[in-house]
> 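Handing you a structure now.
Convention: sequence-line order gives letters A, B, ...; per-chain numbering from 1.
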Amino acid sequence: MSKTLYDKIWEQHVVHDFDDGSSLIYIDRHLVHEVTSPQAFDGIGREGRVLWNRDSILAVADHNVPTTSRNDRVTDDEARIQLETLEANCQSYNLRYFGPHDKAQGIVHIIGPEQGFTLPGVTLVCGDSHTSTHGAFGALAFGIGTSEIEQVFATQCLTLRKSKNMRIWINGVLPVGVTAKDVVLHIISVIGIAGGTGHVIEYAGPVVDRMSMEGRMTLCNMSIEAGARAGLIAPDETTFSYLKGRPFSPREQMWDKAVAFWRDLKSDADARFDQEIRINAADIAPYVTWGTNPEMGCAITQRIPNPELIQDGIQRASIQRALAYMGLEGGMPVDGIPVDQVFIGSCTNARLEDLRAAAQIAKGRRRAANVKRVLVVPGSGLVKEAAEREGLDRIFIESGFEWREPGCSMCLAMNADRLEPGERCASTSNRNFEGRQGRDGRTHLMSPAMAAAAAVAGHITDVRRFEKGVA
Amino acid sequence: MQKFTTLTAQAAYMPIANIDTDMIIPKQYLKTITRSGLGKWLFAAMRYDAHGKEIPDFILNANPQAQILLAGENFGCGSSREHAPWALTDFGIRAVIAPGFADIFYNNCFKNGLLPVRLPKEAIAELAESKQDIQINLKEQAVICGNRRFDFDIEPNNKAALLNGLDAIEPVLAMRSEIKKFEAAHFARQPWLKVGG
């Protein structure tokens with residue numbers, strides 16, 4: 001019987017099928033950060049259990065770390081205790097740990113692939129919903145809760161029910177100025193933020209085939225924003241050349257064996273999907289959200305919908321609530337909305353390619369007078385170093401942007417980087433929920449080039465107007 | 001874990017779709033290293049004004065006795081934070097009734113004695129309108145209010161977890177030899193999976 005990529009990876013990891021329709025699934029890789037792990041470590045200690053396989057774990061401090069100097073003391077006591085707790089737990093369980101002073105430290109979903117810890121065909125979990133990012137490598141990767149973290153620590157397994165298969169086929173060629181971020185925001189607005197619930201989404205088609213690993217990670221990262229716990233892309237030459245030579249990638253004969261195995265990791269030509277969606281690249285324009293969830297967005301050339309014209313009561317109320325929160329009116333164009341801050345960073349868009357795209361727009365231009373702050377937060381110490389080698393830091397600093405240390409930063413504003421009440425932000429992150437970037441802060445999601453364009457224009461604008469577009 | 005068998009309680013209605021986990025428990029309360037005490041901060045941005053004063057109109061301020069939450073579609077979307085069910089249960093909520101739930105939140109409920117019930121939105125509107133107590137019988141998979149009865153579906157493993165209140169880890173550890181056997185064969189098929197070889 002023909003199978004999808006998801007079917008294949010699932011079957012390769014079934015330890016036991018239970019009578020009630022659930023299965024015991026073996027977990028190959030486990031990423032850990034400071035926010036969702038302390039209670040799981042505590043549970044292990046309290047029950048006197050041991051970790052099943054400490055080598056399967058990679059831990060990093062990312063959510064709470066300051067992005068100013070690494071030598072700055074974390075003044076928030078609770079955040080500091082959480083960071084110290086992770087370090088202490090990693091010491092007592094002898095885990096691989098990238099602390100704030102480690103050059104390899106960074107956002108958990110950026111460093112997994114960067115280290116070659118993420119590999120095709122593995123099952124990978126993390127107590128973080130954006131674990132879907134790693135699906136870009138053909139890994140079955142999904143976010144879990146703290147109780148499940150504890151279960152993986154103790155048993156290396158999770159009791160799961162199989163999801164349904166969805167395929168999103170992206171045809172054609174991306175127009176100039178349109179990036180993976182615009183593609184995924186467009187997809188979310190098409191299928192809705194619950195459109196992928198209960199499904200694993202496989203992305204395929206000519207646009208995906210030509211996409212870089214960075215772009216594929218952006219695409220898979222936001223699968224959760226469409227409700228899908230995991231996104232998947234079949235591994236290919238682009239995947240293999242990204243992974244070759246990374247610290248945890250297999251080497252020499254083992255590499256050849258692995259690649260031979262990975263080449264078969266794809267959906268069969270006649271595989272059946274529960275849902276198939278087709279997207280035409282030509283229909284996608286640079287995209288911006290105007291509301292308080294990622295499906296509330298439109299192309300830069302469009303206007304915010306008028307809630308008065310919406311039939312469904314709950315939907316109308318939710319748009320009205322979103323517009324009131326965002327301080328916007330139905331029917332107004334998104335192009336021209338002034339911004340107070342700009343955030344370029346997060347597990348969605350803080351890789352080298354993202355920083356290059358932002359720098360290309362920033363180069364030779366200045367932060368607009370009305371923009372109070374532009375934060376550029378690289379995704380990892382290694383991304384930062386590579387960007388500095390290319391002089392991107394100089395470009396940003398000369399443009400009046402701030403060049404920071406790596407971390408999650410203002411994507412969720414757990415550290416000191418946050419919006420003040422009522423401030424509006426052009427952000428390359430993944431969630432525009434109420435209060436996400438600070439109480440009463442207003443978030444507009446967009447690509448790195450669009451965010452840089454907003455920073456220099458002072459308002460949301462079409463990046464394609466800039467001479468040096470992102471061709 | 002606390003068992004869930006039957007519950008008769010007041011309900012609070014939040015007619016909002018896509019209630020995300022950032023709304024349920026904002027990030028500034030995720031810095032805790034314990035599971036307890038989060039009920040105070042449940043829906044913090046909606047419950048308290050900027051000065052920390054309770055907003056009397058908010059449904060859980062008006063009705064702090066509620067043990068059942070009625071909500072719109074896609075409840076619990078967004079972040080995987082288990083702090084969301086921890087905050088709900090610490091406040092005293094034992095069941096959430098909504099037309100649909102986000103996957104990660106849904107799974108997290110069953111680890112915390114919290115019952116997520118899927119019912120059509122018309123049924124939820126009807127439950128919200130009747131001001132009577134709502135009875136939930138998990139064994140029968142029924143929500144009863146006055147003379148109305150709504151049956152719901154639930155996965156057998158999730159139902160059993162709540163009815164028995166069992167620890168999820170112990171039964172899996174009991175399968176140790178089967179897992180070890182799988183692991184050996186798995187590493188033999190894909191030897192590169194063994195980190196640090």
> So which part of A:Asp42 gets closer than 4.5 Å to some heavy atom of chain B, the side chain, the backbone, both or neither?
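When you check distances to chain B, no heavy atom of A:Asp42 falls under 4.5 Å.
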> Determine the option with the most heavy-atom pairs under 4.5 angstrom with chain B, choosing from A:His63, A:Glu150, A:Glu434, A:Arg161.
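Between A:His63, A:Glu150, A:Glu434, A:Arg161, the count favours A:Arg161.
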> When only pairs under 4.5 Å are counted, which of A:Val35, A:Thr36, A:Val122 shares the most heavy-atom pairs with chain B?
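Most heavy-atom pairs under 4.5 Å with chain B: A:Val35.
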> Checking heavy atoms, do the side chain of A:Ser249, its backbone, both or neither come under 4.5 Å from chain B?
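Neither part, no heavy atoms under 4.5 Å.
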> Between B:Ser79 and chain A, with a heavy-atom cut-off of 4.5 Å, which part of the residue counts as in contact: side chain, backbone, both or neither?
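Its backbone and side chain both get close to chain A.
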> Looking at B:Leu163 and B:Lys139, what are the two nearest heavy atoms and their distance?
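Looking at all heavy atoms of both residues, the closest pair is CD2-N, 4.2 Å.
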> Could you tell me which portion of B:Lys180 (side chain, backbone, both or neither) has an atom closer than 4.5 angstrom to a non-hydrogen atom of chain A?
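Interface part for B:Lys180: both.
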> Is A:Glu34 in contact with chain B via its backbone, its side chain, both, or neither, using a 4.5 Å heavy-atom distance?
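For A:Glu34, neither part sits under 4.5 Å from chain B.
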> With a 4.5 angstrom heavy-atom cut-off, which part of A:His13 approaches chain B: side chain, backbone, both or neither?
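Both backbone and side chain.
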> In terms of heavy-atom pairs under 4.5 Å, which option from B:Gln28, B:Met23, B:Gln190, B:Arg81 contacts chain A the most?
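Between B:Gln28, B:Met23, B:Gln190, B:Arg81, the count favours B:Gln190.
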> Name the member of B:Thr34, B:Asp20, B:Asn158 that forms the most heavy-atom pairs with chain A at distances under 4.5 Å.
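Among B:Thr34, B:Asp20, B:Asn158, the one with the most close pairs to chain A is B:Asp20.
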> Are A:Trp255 and A:Trp262 close enough that their ring centres sit under 6.0 Å apart?
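Judged by ring-centre distance (under 6.0 Å), A:Trp255 and A:Trp262 do meet the cut-off.
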> Heavy-atom distance under 4.5 Å to chain A: side chain of B:Thr32, backbone, both or neither?
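Interface part for B:Thr32: both.
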> Heavy-atom cut-off 4.5 Å, strictly under: side chain, backbone, both or neither for A:Gln437 against chain B?
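A:Gln437 touches chain B through backbone heavy atoms alone.
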> Which answer fits B:Ala44, side chain, backbone, both or neither, if we ask what part of it has an atom under 4.5 Å from a heavy atom of chain A?
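It is the backbone, since no side chain atom gets that close.
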> Under a 3.5 Å cutoff, is there a donor and acceptor pairing between the side chains of B:Glu155 and B:Tyr106?
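Yes, a side-chain donor-acceptor pair sits under 3.5 Å.
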> Which one of B:Met46, B:Arg189, B:Lys181, B:Met175 has the most heavy-atom pairs closer than 4.5 Å to chain A?
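Highest number of heavy-atom pairs under 4.5 Å: B:Met175.
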> With a 4.5 angstrom heavy-atom cut-off, could you sort out which part of A:Ile193 is near chain B: side chain, backbone, both or neither?
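Answer is both: backbone and side chain atoms of A:Ile193 are under 4.5 Å from chain B.
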> Nearest heavy-atom pair of B:Leu127 and B:Cys145: which atoms, and what distance?
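Taking every non-hydrogen atom into account, CD2-CB, 3.6 Å.
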> Is it true that, when you exclude B:Asp49 itself, more than 12 heavy atoms of the residues, nucleotides or ligands shown sit nearer than 6.0 Å to its CG?
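Yes.
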> Under 4.5 Å heavy-atom distance to chain B, tell me which part of A:Thr155 shows up: side chain, backbone, both or neither.
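Its backbone and side chain both get close to chain B.
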> Tell me, side chain or backbone of A:Gln315 under 4.5 Å from chain B's heavy atoms, or both, or neither?
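A:Gln315 has no heavy atom closer than 4.5 Å to chain B.
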> Which one of A:Gly198, A:Gly313, A:Gly227, A:Pro294 has the most heavy-atom pairs closer than 4.5 Å to chain B?
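Sorted descending by pairs with chain B, the first entry is A:Gly198.
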> Output the option from A:Asp19, A:Asp77, A:Asp128 having the highest count of non-hydrogen pairs under 4.5 Å with chain B.
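Answer, by heavy-atom pair count under 4.5 Å with chain B: A:Asp128.
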> Indicate whether the side chain of A:Ser147 and that of B:Glu82 have a donor and an acceptor atom separated by less than 3.5 Å.
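A pair is found: one side chain offers a donor N or O, the other an acceptor, under 3.5 Å apart.
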> Could you check which of A:Arg251, A:Arg436, A:Glu78, A:Arg321 has the highest count of heavy-atom pairs closer than 4.5 Å to chain B?
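Heavy-atom pair counts peak at A:Arg436.
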> Between A:Arg229 and A:Glu148, is the closest basic N to carboxylate O distance under 4.0 Å?
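Result for this pair is yes, salt bridge flagged.
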> Between B:Asp22 and B:Lys27, does at least one N-O distance fall below 4.0 Å, as a salt bridge requires?
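A salt bridge is absent here (no side-chain N lies under 4.0 Å from a carboxylate O).
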> May I ask you to check whether over 12 heavy atoms, not counting those of A:Asp312, lie within 6.0 Å of atom CG?
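More than 12 within 6.0 Å, yes.
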> Would you mind telling me which of B:Asn107, B:Leu173, B:Val172, B:Asp167 has the largest number of heavy-atom pairs within less than 4.5 Å of chain A?
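Going by pairs under 4.5 Å, I would pick B:Val172.
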> Tell me which of these, B:Gly100, B:Ala102, B:Ala50, has more heavy-atom pairs under 4.5 Å with chain A than the rest.
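Top option by heavy-atom pairs under 4.5 Å: B:Ala50.
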> Considering only heavy atoms, which portion of A:Ala194 lies under 4.5 Å from any heavy atom of chain B: side chain, backbone, both, or neither?
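Contact with chain B involves both backbone and side-chain atoms of A:Ala194.
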> Just to verify, which of A:Arg29, A:Gln156, A:His30 counts as forming a side-chain hydrogen bond (donor to acceptor under 3.5 Å, both in side chains) with A:Ser56?
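With A:Ser56 as partner, A:Arg29, A:Gln156, A:His30 yield a single side-chain hydrogen bond (donor to acceptor under 3.5 Å, both in side chains), made by A:Gln156.
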> Is B:Glu140 salt-bridged to B:Lys159, going by a charged N under 4.0 Å from an acidic O?
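The answer is no: the pair does not qualify as a salt bridge.
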> For A:Ile144, which atoms come within 4.5 Å of any heavy atom of chain B: side chain, backbone, both, or neither?
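For A:Ile144, backbone heavy atoms alone lie under 4.5 Å from chain B.
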> Provide the closest heavy-atom pair for B:Phe101 versus B:Pro116 in the form atom of the first, atom of the second, distance.
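So the minimum-distance heavy-atom pair works out to CZ-CB, 3.7 Å.
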> Is the B:Phe43-B:Tyr48 ring centre distance short of 6.0 angstrom?
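Ring centroids of B:Phe43 and B:Tyr48 are no less than 6.0 Å from each other.
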> Could you walk me through whether B:Phe182 and A:Val14 pass side-chain contact (heavy atoms from CB on, under 4.5 Å), step by step?
CA-CA 8 Å; B:Phe182 172 87; A:Val14 173; 5.8 Å; no
> Please flag which part of A:Phe41 lies under 4.5 Å from any non-hydrogen atom of chain B: side chain, backbone, both or neither.
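Neither part.
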> Shorter than 4.5 Å, heavy atoms on both sides: which option in B:Asn108, B:Asp103, B:Leu193 has the most such pairs with chain A?
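Most heavy-atom pairs under 4.5 Å with chain A: B:Asp103.
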> So which of A:Ile314, A:Asn430, A:Leu412 has the biggest tally of heavy-atom pairs under 4.5 Å with chain B?
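So the answer, after comparing A:Ile314, A:Asn430, A:Leu412, is A:Leu412.
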> Salt-bridge test for B:Glu170 and A:Arg49: reply yes if a basic N is under 4.0 Å from a carboxylate O, no otherwise.
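Judged by the 4.0 Å cut-off on N to carboxylate O distance, B:Glu170 and A:Arg49 do form a salt bridge.
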> Identify which part of B:Phe187 has an atom lying under 4.5 Å from any heavy atom of chain A, answering side chain, backbone, both or neither.
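Answer is side chain: those atoms of B:Phe187 sit under 4.5 Å from chain A.
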> How close do A:Ser129 and A:Arg431 get, counting heavy atoms only, and between which atoms?
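Looking at all heavy atoms of both residues, the closest pair is OG-NH2, 2.8 Å.
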> Report which part of A:Phe142 has an atom under 4.5 Å of a heavy atom belonging to chain B: side chain, backbone, both, or neither.
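Nothing of A:Phe142, per the 4.5 Å heavy-atom cut-off to chain B.
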> Ring centroid separation for A:Tyr26 and B:His186, is it under 6.0 angstrom?
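Under 6.0 Å, so yes.
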> Side chain, backbone, both or neither: which part of A:Asp76 has an atom under 4.5 Å from a heavy atom of chain B?
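For A:Asp76, the contact with chain B is made by the side chain alone.
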